[in-house]
Amino acid sequence: MLVKKQTLLSFIFTLFIFFSASAQSKLQTGVWRGVLKTASGKELPFNFDVETIGGHQQLVIINSAERFKVTDIKIKGDSVFIHMPLFNSEFKLKFAGKGLRGQWIKHLADKDAAMDFTAQPNTSYRFFKTAKKSNFDVSGRWAVVFDASTPQMEKLVGEFKQRGSKVTGTFLSISGDYRYLEGTVAGDRFYLSCFDGGHAYLFTAKISNAKTLGDGMYYAGLSGLDRWTAVKDANAKLPDAYSLVALKPGYKKIDFNFRDINGHKVSLSDSRFKNKVVIVQLLGSWCPNCMDETNFFVNNYYPKYHAKGVEIIGLAYERTTDFAKSQKTLQQLKNHFNISYPLLITGYTPARGDPEKSLPMLAGFKGFPTAIIIDKKGVVRKIHTGFSGPGTGVYYTQFINEFDKLTEELLRERE
């Protein structure tokens, strides 16, 4: 009798394990709250939506108005593997009750950077479960200073919109923007965060009064940390993006000869680029603003002007000099955006001084992305530093209008 009872209990236990495993074979649909943990113990929250499309699950990461789709999800037993479509990063997770627990791993050139991660379903709040009353409205333009007391001091522009306690916006720098940020004002505290599969940002500050943000902290990834302050200033602006980089005296043209991702040599002297307006895009697959610029080129600019005589060449500066590794990340980039113009692997990295080594005629290179605009005679007419993406609103629209106008002027010129 005892043996039969033990057998029955064993059978029931086996059924329990089977059905428990079956219940965990999919992620629960709906909005989740994910939290990354920095090295200093700060929680960096973001939201994502789990959907089932055609029998296959996908994530949609939510940052303000942006919806970033992730389709590479694999579930094996109690483990969940999520591979980001860009930036060479992934989540390695396990089911923990109804939620998930594990790590987000970013694969760098010579090491991995891992952040602890947890997530819970049916959780749509970002920072506070119960909304807290805001004592201030931070809507408007702000003059921002990072690392004010150090040699690395950087001046930025903040653009924020607040509705109730919810805040969206971004910071703009000479190399681009911090993309879509979302957060809240709780009492006299300011919070913004963003996660895009490659970059994790958290901004906090104390609102001293209606025109001052103080004690600002900026957390980037696992261990990045900067201090910042801001003063409300409707006239705050950055330097002209066309004024920051030029050619060295005596130069009017650039030249290069690099291999594309298929190993074929490509040069500006190739017949494909003769008598064409050419945009040389300096980019990296690790660079979020480069992704926004690439999206603009692929889905807006190139379809509009290619048939009229415009060509684009992408020069990639990856975090490694290894051709095969660069080839892998750039192929992922090419597939994600469906890029039809050539992507060349320069063999140089984004490290200080490397871009100038690859193009020695450049003076004062500032950062990625950079677009070099060349006329039909092969003369460099302008160099644009950075990229203000769609998360910047009016700045993005202004850039498109100016870039279109410049292109049309160059196309009207005689060869």
Practice item. Establish, from distance only, whether the side-chain atoms of T329 and N88 form a donor-acceptor pair under 3.5 Å. Key: no
Revision key, fill the gap. Residues K377 and R414: closest non-hydrogen pair is CE-O, 4.0 Å
**Study point:** Check against side chain to side chain contact (heavy atoms under 4.5 Å, CB included), R126 and S193
**Key:** CA-CA 9 Å; R126 201 171 185 96; S193 67; 2.9 Å; yes
Review point. Considering residues at least two apart in sequence or located in another chain, which fulfil the salt bridge (charged side-chain N to carboxylate O under 4.0 Å, His left out) criterion with K74?
Key: D72
Check your understanding: Are Y395 and F387 an aromatic pair by the rule of ring centers under 6.0 Å?
Key -> no
Exercise for review: Step through it carefully: locate the ring centre of F190, locate the ring centre of F203, and say whether they are under 6.0 Å apart.
Suggested key: no
Check your understanding: So, do L86 and M291 sit near enough that their side-chain heavy atoms are less than 4.5 Å apart?
Key -> yes
Show which side-chain atoms of residues 399-406 pair as donor or acceptor with protein atoms under 3.5 Å away, not counting sequence neighbours.
{"unit_1": "N401", "atom_1": "ND2", "unit_2": "T397", "atom_2": "O", "d": "3.3"}
{"unit_1": "E402", "atom_1": "OE2", "unit_2": "Q398", "atom_2": "NE2", "d": "3.2"}
{"unit_1": "D404", "atom_1": "OD2", "unit_2": "K304", "atom_2": "NZ", "d": "3.0"}

Check your understanding: Would you call D188 and K206 a salt bridge, taking side-chain N to carboxylate O under 4.0 Å as the test?
Key -> yes
**Study point:** Heavy-atom closest contact (I279 atom, A371 atom, distance)
**Key:** CG2-CB, 4.3 Å
Review point. Would you call the rings of F171 and F146 parallel, tilted or perpendicular, where under 30° means parallel and over 60° means perpendicular?
Key: perpendicular
Exercise for review: Would you name the heavy atoms of V245 and F365 that are closest together and state the gap between them?
Suggested key: CG2-CA, 4.0 Å
**Study point:** Side-chain (N262) to main-chain (H264) donor-acceptor, under 3.5 angstrom
**Key:** no
Revision key, fill the gap. In short, L225 meets Y219 closest at the heavy-atom pair CD1-CE2, 3.5 Å
Point to revise | Option among K106, Q103, H107, H83 that satisfies the side chain to side chain donor-acceptor pair (under 3.5 Å) test with E90 | key: H107
Review point. Looking only at heavy atoms, which two atoms of C194 and L181 are closest? And how far apart?
Key: CB-CD2, 3.4 Å
Point to revise | Pair R381 + E413: basic N to acidic O under 4.0 Å | key: yes
Point to revise | Heavy-atom pair with the smallest gap, counting every atom of I61 and M84 | key: CD1-SD, 4.3 Å
Check your understanding: Hey, does I374 have a side-chain heavy atom less than 4.5 Å from the side chain of V379?
Key -> no
Review point. So, T370 side chain and L282 main chain: donor-acceptor pair closer than 3.5 Å or not?
Key: no
Exercise for review: Would you give the length of the straight line joining atom CZ of F117 to atom CG of L36, rounded to the nearest 0.5 angstrom?
Suggested key: 6.0 Å
Review point. Is a donor on one side and an acceptor on the other found under 3.5 Å between the side chain of N63 and the backbone of E182?
Key: no
